[in-house]
Amino acid sequence: MSKVRIGIIGLGNMGKGHISYIRSGVVCGVEITAVADVNEDSRLWARETLGEAVHVYSDPHELITSDSVDGVIICTPHFSHPELAIASFKHNKHVLLEKPAGVYTKQVRLMNEAAEQSDVVFSMMYNQRTNPIYQKLKQLVDSGELGEVRRTNWIITNWYRSQSYYDSGTWRATWGGEGGGVLLNQDPHQLDLWQWTISMMPQRLRAFCYFGKNRNIEVENDVTAFVEYENGATGVFVTTTGETPGTNRFEVVGDRGKVVIENSKLTFYRLLESETDFNARSTEPFGQPECWEIDVPIEGSNPDHAGITQNWANAILHNEPLLAPGVEGIKGLMLANAMLLSTWEDDWVQFPIDEDKFLAHLEQKMAASRFQG
């Protein structure tokens with residue numbers, strides 16, 4: 001195979017966005033040969049824009065079962081992600097899946113099991129893993145330069161959404177239409193990076209989610225969560241769509257200092273010696289280890305969606321390691337599910353979460369949702 005023939009499933013904003021950069025030629029070794037969407041206007045747009053050489057389907061399963069594609073990029077509503085991915089695996093089609101991996105981890109676990117039984121390349125569209133600033137943080141953690149992680153703190157409140165945004169679609173911000181709010185729509189990249197950069201998932205979590213806070217919506221739009229890790233480290237995650245001006249600040253504290261990412265800048269407050277060693281030898285009641293404030297240079301720009309697509313294509317064509325393996329999509333989703341479950345149960349949640357208990361709560365919410373799709 002010299003080129004990967006790609007089918008785009010779902011022609012909303014994301015689907016059209018993928019089509020735009022692929023057709024511009026920034027991704028090597030791929031071509032769009034088919035698209036699918038249930039909406040006739042979207043199909044008309046595809047025919048007018050892409051020409052007769054690209055097959056246009058009304059049913060995504062017709063695209064998946066056809067001989068016109070080698071792989072698919074799935075950009076459909078959240079609930080359908082695992083179903084379409086599983087169908088693609090069964091028909092030997094490579095999959096690049098838009099975030100989130102799904103709405104609840106039970107369906108995503110089934111998707112992952114199907115992926116592992118197949119012989120295709122499965123990746124998540126976690127385009128922030130290509131961002132050199134987060135890659136540098138991961139390097140500092142993985143190399144031991146930061147020392148053992150002791151605390152994480154992410155305040156991500158620059159997702160402001162007005163009521164008019166939520167009113168722009170009857171499915172928006174409903175349990176029946178989207179299956180969640182800020183944790184499922186705006187924060188999947190941060191929830192993924194939170195665990196990916198430090199290579200740790202929590203042992204347990206306690207969260208407080210607020211539903212429709214200052215907005216006429218069903219789902220969570222203001223969240224504060226506290227986590228505990230196996231090594232004794234702790235973490236806090238704060239997010240909302242109802243605050244402006246917002247903040248995006250990620251701190252990781254280790255035994256050898258602290259890293260702060262804010263305003264597209266990475267600052268490393270590096271201790272001359274580890275806190276553990278200083279504490280063992282110091283006889284000064286108010287002493288602290290010497291600290292150097294270092295503005296860490298970040299080389300390169302973020303190739304974003306095109307970077308992940310290129311990596312996926314390279315994995316298919318040249319066995320390049322995936323930056324965002326599809327099976328890892330369950331991790332960030334489990335953090336989101338755990339925050340909701342903790343709130344609904346008014347209690348701590350242990351990891352891995354009780355998937356059946358979460359699904360039972362979600363199904364109750366969906367049954368009472370004003371949107372019945």
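Note that this is a predicted model, so its numbers are computed, not measured. Values below: every heavy atom of this structure, side chains too, minus hydrogens, waters and symmetry copies.
- By the 4.0 Å N-to-carboxylate-O rule, Glu228 lies close enough to Arg204 to be salt-bridged with it.
- A salt bridge does not link Asp70 to Lys93: none of the charged side-chain nitrogens sits closer than 4.0 Å to a carboxylate oxygen.
- Salt-bridge formation is detected for the pair Arg270/Glu145: a Lys NZ or Arg NE/NH1/NH2 atom is positioned less than 4.0 Å from an Asp or Glu carboxylate oxygen.
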Q.
Is there a ring pair (Phe, Tyr, Trp, His ring centres under 6.0 Å) between Trp292 and Tyr269? Walk through the geometry before answering.
A. CA-CA 6 Å; Trp292 305 335; Tyr269 299 88; over 10 Å; no
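- When every heavy atom of Ala315 is checked against every heavy atom of Val121, the shortest pair comes out as CB-CG1, 3.8 Å.
- Side-chain contact check for Gln310 and Asn314: at least one donor-acceptor pair (N or O, by modelled atom type) lies under 3.5 Å.
- Using the six-membered ring where Trp is involved, Phe211 and Trp175 have ring planes that are tilted, between 30° and 60° apart.
- Ion pairing of Arg249 with Glu251 is present here, as a side-chain N (NZ or NE/NH1/NH2) and a carboxylate O approach within less than 4.0 Å.
- Cluster annotation: Leu84 is not connected to Leu11 through the hydrophobic network of ILVMFWY side chains, with a link wherever side-chain heavy atoms come within less than 4.5 Å.
- When all heavy atoms of Ala173 and Tyr166 are compared, the closest pair comes out as CB-CD2, 3.5 Å.
- Of all heavy-atom pairs spanning Ile308 and Asn127, the tightest one is CG1-CA, 3.6 Å.
- Atom CG in Leu137 sits 7.5 Å away from atom CG in Leu146 (nearest 0.5 Å).
- Using a 4.0 Å cut-off between a side-chain N of Lys or Arg and a carboxylate O of Asp or Glu, Glu273 and Arg281 qualify as a salt bridge.
- Between the Ser342 side chain and the Ala338 main chain, no donor and acceptor come within less than 3.5 Å of each other.
- Atoms CD and CE, on Glu116 and Met111 in that order, are 10.5 Å from each other to the nearest 0.5 Å.
- To the nearest 0.5 Å, atoms CD1 (Ile330) and OG1 (Thr105) are separated by 5.5 Å.
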Do Thr247 and Ile156 pass the side chain to side chain contact (heavy atoms under 4.5 Å, CB included) test, and can you show the C-alpha distance, the side-chain angles, and the key distance before you say yes or no? CA-CA 6 Å; Thr247 298; Ile156 173 71; over 6 Å; no
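- A salt bridge does not link Glu355 with Lys106: none of the charged nitrogens is closer than 4.0 Å to a carboxylate oxygen.
- For Lys331 and Trp196, the positive end is not near the middle of the six-membered ring at less than 6.0 Å and at most 45° from its axis.
- Ser164 and Ser162 share a side-chain donor-acceptor pair at under 3.5 Å.
- With salt bridges taken as basic N to acidic carboxylate O contacts below 4.0 Å, one links Arg206 and Asp346.
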Practice prompt. Evaluate ring pair (Phe, Tyr, Trp, His ring centres under 6.0 Å) for Phe122 paired with Trp312, printing each intermediate quantity in order.
Written response: CA-CA 8 Å; Phe122 175 35; Trp312 176 59; 10.0 Å; no
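- Not counting sequence neighbours, the partners of Arg43 by the salt bridge (Lys or Arg N to Asp or Glu O under 4.0 Å) test are Glu40.
- Salt-bridge check for Glu275 with Arg150: passed, with a basic side-chain N closer than 4.0 Å to an acidic carboxylate O.
- Residues Phe371 and Glu178 have side chains not in contact (no heavy-atom distance under 4.5 Å, counting atoms from C-beta outward).
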